[in-house]
Amino acid sequence: MKFADIAEMVRNRLPKAAVSVVSDAVDPWIETTSGSLVALCQFLRDEEPLRFDMLHLVSAVDEWTPLKPPKKNPKTGEILAPGDDPNRPDPGFTVVYHMSSLANQHTLVVKVRVPRWQNAKGPKNDTNLPALPSVSGIWPAANWHEREVYDLSGVTFTDHPDLRRILCADDWVGHPLRKDYAEPKAYHGIEH
Amino acid sequence: MAQELKTIELPIHTDEMMINMGPQHPSTHGVLRLVLRTDGEVVVDMDPVMGYLHRCAEKIGETVSPHQFVPYTDRLDYLSAMNMNLGFSLAVEKLCGVEVSERTRHIRVMVCELNRIASHLIAAGCYGLDLGSFTPLMYCIREREKILNLFEAVCGARMTCSYIMPGGIRYGDLPDGWVERCEQFVEEFLAVVPDLHHALTSNEILVRRGANIGVLSPEMAVAYGCTGPVLRGSGVAWDLRRHGEPIYTKMYDDYRFEIAASVGGSYPKDHVYPAIPPHAVLGDSWHRFYVRMIEAFQSALIIQQGLQKYKKSEPVISEPMKIITKIPEGDAYVETEAPKGQMGFYVVGDGTNILKRSRIRSSSFCNLSVFREISKGCMIGDIPSILGSIDIVLGEVDR
C-alpha cells in the first residue's frame, strides 16, 4: 500500500489518532498523540490490508537546543544580538516508531511528541520524566527499544513490564542523550 | 542424546540456582553477561545483561559530521565494517538526495559481499568452536585472512575500513591487480566450501548439538524484530537486498541470487547443499547456521557477477561528501541487510553539517531480545549453541 492510502485509512477509521499527516518528507509520517498511540498501533498491526507485523525501531529525538547567550561587544558591553529567551517554550522530544509489514511489504513512520519534562515547572530530575504508553504488549520487540529510550533519553513508558536501564549501569545518574546532559565528574570514585 | 533428555518431564526438582555466565565467558562472544536461573541442568529463566561495551556511539554522532562519524560505524559490528559503513552512508545519501555512479555501486556490492563472507566465516567457525570443534575455525580464518588482505589493498585497513563514505567511496578506483586477486579468492573459496560443509554442516556432533535446540517460530521471530539469518532460519523468505528501500534494492537490481530461506520445505536449488538432517526442525540452531553457510556461498557468486559488471562499467568514481557539507533539515531511515541482520540508521539533520540525531538500529540487539524466550527449558549446555547460532557482536549490541 502507498503511504497516502495508509494515511487515508487511518484518518477514516481513527479520526482522532492522526493529528497530522506529512507526505512530502523523505520518509512520510503520521503524527499521533500519546493518548491514542496504543489504539493506533493496535489498529496498524491487526487491520488486514495494513498488518504492520514488525516494529523496527523506537527512537527519541531531543528537539531542544542549548541556550545561546546574547552577543556583546567585548569592549563596551553593548548587546549586539539578543540571546535565546530562557523562558522559550519546551520543544520536547519526538518519539519515532519505524514499522513495516512483511506480509504486505510496506513501511510506516509514526511520530509522537512529548514534553521534555512532565511538569514544566517541576524539578528537572528523574521524578519528573515524561511518560508515554508502552507498545510492548503489541510488539514484543518494543520491550528492549523502550528500555533503551528510557535509559538514554529519559522518556518513561507506562505499563512497560520491565522498565530498567539497559545500556548504562543501574545506578547511573541522568540520561545521556538529552541535549542538556552534564557528564558526571566521577563514577564510584573513578574520575576522568 | 541431549534431545531425549530434554523431552523427559523431570519429576524431581532441585533447588533453584542463579548462575552467572559471563561477561568473560568465551562462548558469549564478547562481554555479554547472562544471569541464568536453573533447576538442576535446566534453564528456567535468564536475563541477558549488556552495556559493558557501551561507547556512546549515538551521542558521538551528535557532535561530529557524517563524514567523521563513519569510523565510529566501523566499530559497531567490527566483523563487517563495510556493511556498517554502507548502512550509514545510504541513510545520509537518502536524506541529501545523492546518487552514486554505477562503478561505485558495483564496488560497494563487492566489498559488502566480501565482508558478508568474512562475517559468516567467523560465525560458522566460532559456532564449531563453541560446540567443541576447533579445526574448522582454522579453515575459516584462513579464508577470511584473504578477504582482509583484499580490504587492506583497497583502503589500507583490515577490519576498521571506513571505505564507503556518504556520497561515494574513498581513494578512487580499485588498485591495479585487485580484480584478479578477487577473482582468484572467489575461486579458492568456492573450492573450500565443500570442506566446510563436511567439517561443520554435516558433522554429526554439530548436528546433534544444534538440531531441535532453541526453536524459534516464524511468528515469534517477526514479533521480536529478528532479522537476517535468524529470521530466514525460521523459514521467512525476507531479504532486504530484495525487499528493502529502493535506494538499497537498486544496488542489487541486476544481480541474480535467491533468498536463502526454506520456503515450502526446500532451500534454494542453485547449488547442491548438504541434506537437512532428519531431526532438524525449521527455526532451530542448525537451520540458522545452515542459512549462513548458503549465504556465504551465494555471496561468492554475487562477487563474481560484480567483477564482470565492474569491468564493463564506465570508470567514474563518486567522491565522498566533504566534512563541511550541509545536511538538509529532515529525517531519513534506511535499513540494509548486514550479515547479522537488518542494520538501520535513522539520521536527523538540522541544516548544519552536524547531524542532530544519528540513531542506530542494531540487528544483534533485536536478535538477542528473543534469546530469553527460546532458551527457556533448555539445558545449560545448549546456551552456547543457541547464542552461537544467533551470532551477535557485542560492539553492535552495546554501541
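Per chain, numbering begins at 1; letters A, B, ... match sequence-line order.
Atom OH of Y72(B) sits in a sparse spot, with 12 or fewer heavy atoms from other residues, nucleotides or ligands closer than 6.0 Å. The neighbour count for E99(B) CD, taken as heavy atoms of other residues, nucleotides or ligands under 6.0 Å away, does not exceed 12. Summarising the local packing, NZ of K59(B) is surrounded by more than 12 heavy atoms from other residues, nucleotides or ligands at distances under 6.0 Å.
Counting heavy-atom pairs closer than 4.5 Å to chain A, the top-ranked of the candidates V236(B), D331(B), L95(B), T227(B) is D331(B). When each of A223(B), C366(B), G51(B), G330(B) is scored by its heavy-atom pairs under 4.5 Å with chain A, the top score falls to A223(B). No other option in H243(B), M220(B), E219(B) has as many heavy-atom pairs under 4.5 Å with chain A as H243(B). Heavy-atom pairs under 4.5 Å with chain B peak, among R45(A), E63(A), R165(A), H56(A), at H56(A).
At a 4.5 Å heavy-atom cutoff, I60(B) makes no contact with chain A through either its backbone or its side chain. Contact of D47(B) with chain A is made through the side chain alone, with heavy-atom distances under 4.5 Å. Of the two parts of V348(B), only the side chain, counted from C-beta on, holds a non-hydrogen atom closer than 4.5 Å to a non-hydrogen atom of chain A. For L368(B), the parts lying under 4.5 angstrom from a heavy atom of chain A are both the backbone and the side chain. Within the 4.5 angstrom heavy-atom criterion, only side-chain atoms of R164(A), from C-beta onward, approach chain B. Only the backbone of A60(A) comes within contact range of chain B, judged by heavy atoms closer than 4.5 Å. Residue N143(A): no heavy atom, backbone or side chain, is found under 4.5 Å from chain B. Looking at E373(B), there are no atoms closer than 4.5 Å to chain A (heavy atoms on both sides), in backbone or side chain.
The distance from atom CZ of R147(A) to atom OG of S369(B), rounded to the nearest 0.5 Å, is 10.5 Å. Between atom NE2 of residue H54(B) and atom CG of residue L152(A) there is a gap of 5.0 Å, rounded to the nearest 0.5 Å. Atom CG of residue D398(B) and atom SG of residue C168(A) lie 10.5 Å apart, to the nearest 0.5 angstrom. Here the CZ-CG distance, from R399(B) to L167(A), works out to 5.5 Å after rounding to the nearest 0.5 Å.
Ion pairing of D27(A) with K94(B) is present here, as a side-chain N (NZ or NE/NH1/NH2) and a carboxylate O approach within less than 4.0 Å.
Under a 3.5 Å cut-off, the side chain of R359(B) and the backbone N or O of V58(A) do form a donor-acceptor pair.
Taking non-hydrogen atoms and a 4.5 Å limit, the residue list of residues 97-113 of chain A in contact with chain B, ordered by number, reads H98(A), S101(A), L102(A), Q105(A), K111(A). Scanning residues 4-14 of chain A against chain B with a 4.5 Å heavy-atom cutoff picks out nothing at all. Of residues 172-180 of chain A, those residues with a non-hydrogen atom less than 4.5 Å from any non-hydrogen atom of chain B are, in numerical order, P176(A), L177(A), R178(A), K179(A). Listed in order of number, the residues of residues 133-140 of chain A that approach chain B to under 4.5 Å between heavy atoms are W139(A), P140(A).
Nearest heavy atoms, Y346(B) versus V61(A): CE2-CG2, 3.9 Å. The nearest pair of heavy atoms linking C226(B) to M54(A) is O-CE, 3.4 Å. Here the closest non-hydrogen pair linking S153(A) and R357(B) is OG-NH2, 4.5 Å. Between V26(A) and A332(B), the shortest heavy-atom contact is CG1-CB, 4.0 Å.
Using cut-offs of 30° and 60° on the angle between ring planes, the pair F365(B) and H145(A) is tilted.
Side-chain contact between Q342(B) and L57(A) is absent, with no heavy atoms from C-beta onward closer than 4.5 Å.
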